[in-house]
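Order of appearance sets the numbers: ligands from 1, and atoms from 1 within every ligand.
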Amino acid sequence: MHYEHIEVRPIAGALGAEISGVDLAKPLDNRTFAEIHQALLDNLVIFFRDQTLTPDQHKAFGRRFGGLDIHDYVGGVDGHPEIIPVIKEAEERGKNFGGIWHSDVTYQEKPALGSVLYAHETPPYGGDTLFANQYLAYETLSDGMKAMLGGLQAVHSAVKAYGPERERGRYKSIQVAAREEAKQEMVHPVVRTHPESGRKGLFVNGVFTLRFAGWTEAESQPLLQFLYQHSVRPEFTCRFPWRDKSVAFWDNRCTQHFALNDYHGHRRAMHRVTVSGDRPF
Ligand code: SIN
C-alpha cells in the first residue's frame with residue numbers, strides 16, 4: 001500500500017505499525033482518515049507517538065471509525081462514560097486489567113470493532129502491550145483442523161471477568177461491576193470472516209470463551225487450550241513499548257492483546273475508548 005498523507009513503519013513481521021505525520025487532536029480530512037483506516041486493515045494494530053489528546057479529542061478520533069460503546073461493567077471517567085480508565089497505581093501488587101490474552105467484549109452480540117488506548121502516564125520500564133495476529137493463527141492450522149473448526153461455534157460470556165463470584169475491589173482506580181447478568185451466553189463462530197478484509201481468523205480467547213456450542217466444558221477444554229496457546233505463538237505477535245502520549249488502536253476482529261504486568265511500584269494510567277462492532281460471521 002502506498003501512503004501519501006501519513007508514514008507507516010511496521011514494527012514486527014506479524015502485525016503492528018507505527019504511524020507518523022498526523023496530529024490526532026485535529027479533525028482528520030477524509031484522505032488522511034482513509035489512509036489511517038487502510039493502515040489499520042493492513043497492519044491490524046497501529047501506533048502513534050507524541051499525541052496530546054483531550055478526552056473529547058480522543059473520542060472524536062474513535063468516532064471516525066464508528067459509534068463508541070459504553071462498557072457494560074467498567075465505569076467511565078468523570079463526564080465521559082465512553083472512556084474507561086485503565087490504571088494500575090504504584091502501590092497495587094495484584095493483577096492488572098487486560099493481563100490475560102484476549103479480544104475485547106466478545107461476550108457481546110456485536111463485539112467491538114476496535115479500541116483506542118491512550119497513555120497518560122507510563123512506568124519508567126515495562127507495561128508493554130503485546131498483540132497477536134489471529135489471521136496467521138488460523139492460516140497456520142492444518143487443513144484438517146481448519147475443516148473441523150469451520151463447522152464450530154463457541155459460547156462466550158463475561159462470567160469469569162465480571163460475574164458475581166469475581167473478587168471485589170481488585171483494582172484501586174478502575175470501578176468494575178460484578179453482576180449476575182455476566183452469566184448470559186453468546187454464540188459466535190470459532191472462525192470469523194473479517195467484514196472488511198474478507199480474511200478468516202480465529203475468534204476464541206481465554207477470558208470470554210467458555211466452550212464449543214453443543215460440547216461440554218470438559219470436552220472443549222483440551223482443544224480450546226491448544227487454540228489459546230497456538231493463537232499467541234511468538235511469531236504471530238508484536239510488542240509495543242509505551243511512552244506518555246502514545247496511542248494504540250487495535251482491530252479487535254482479528255487480534256488478541258495482553259497487557260504485561262512487570263512494573264510494580266510504578267503507576268501506569270491509560271484511557272480507552274471502544275468502537276462499536278458488528279455481529280461476527
Ligand atoms: C486492555 O486490555 O484494554 C488493556 C491493554 C493495556 O493496558 O495495555
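For Ala39, the side chain to side chain contact (heavy atoms under 4.5 Å, CB included) partners at least two apart in sequence or on another chain are Tyr3, Ile6, Val8, Ile19, Asn43, Ile46.
Under a 4.5 Å side-chain heavy-atom criterion applied to ILVMFWY residues, the cluster that includes Leu223 comprises Tyr138, Leu141, Met145, Met148, Leu149, Leu152, Val190, Val191, Leu202, Val204, Phe212, Trp215, Leu224, Phe226, Leu227, Tyr228 as well. Through direct or indirect side-chain contacts shorter than 4.5 Å among Ile, Leu, Val, Met, Phe, Trp and Tyr, Phe281 is connected to no other residue.
Between Glu109 and Arg279 there is a side-chain heavy-atom pair separated by less than 4.5 Å.
For the pair Lys172 and Glu91, the salt-bridge criterion is met [side-chain N within less than 4.0 Å of a carboxylate O].
If you look at Phe47 and Phe131, their ring centroids are closer than 6.0 Å.
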Identify all pairs of nitrogen or oxygen atoms, one from ligand 1 and one from the protein, separated by less than 3.5 Å, and list them with distances.
residue  : atom  : partner : partner atom : Å
ligand 1 : 2 (O) : His102  : NE2          : 3.2
ligand 1 : 2 (O) : His257  : NE2          : 3.0
ligand 1 : 3 (O) : Arg272  : NH1          : 2.7
ligand 1 : 7 (O) : Arg268  : NH1          : 2.8
ligand 1 : 7 (O) : Arg268  : NH2          : 3.4
ligand 1 : 8 (O) : Thr129  : OG1          : 2.5
ligand 1 : 8 (O) : Arg268  : NH2          : 2.8

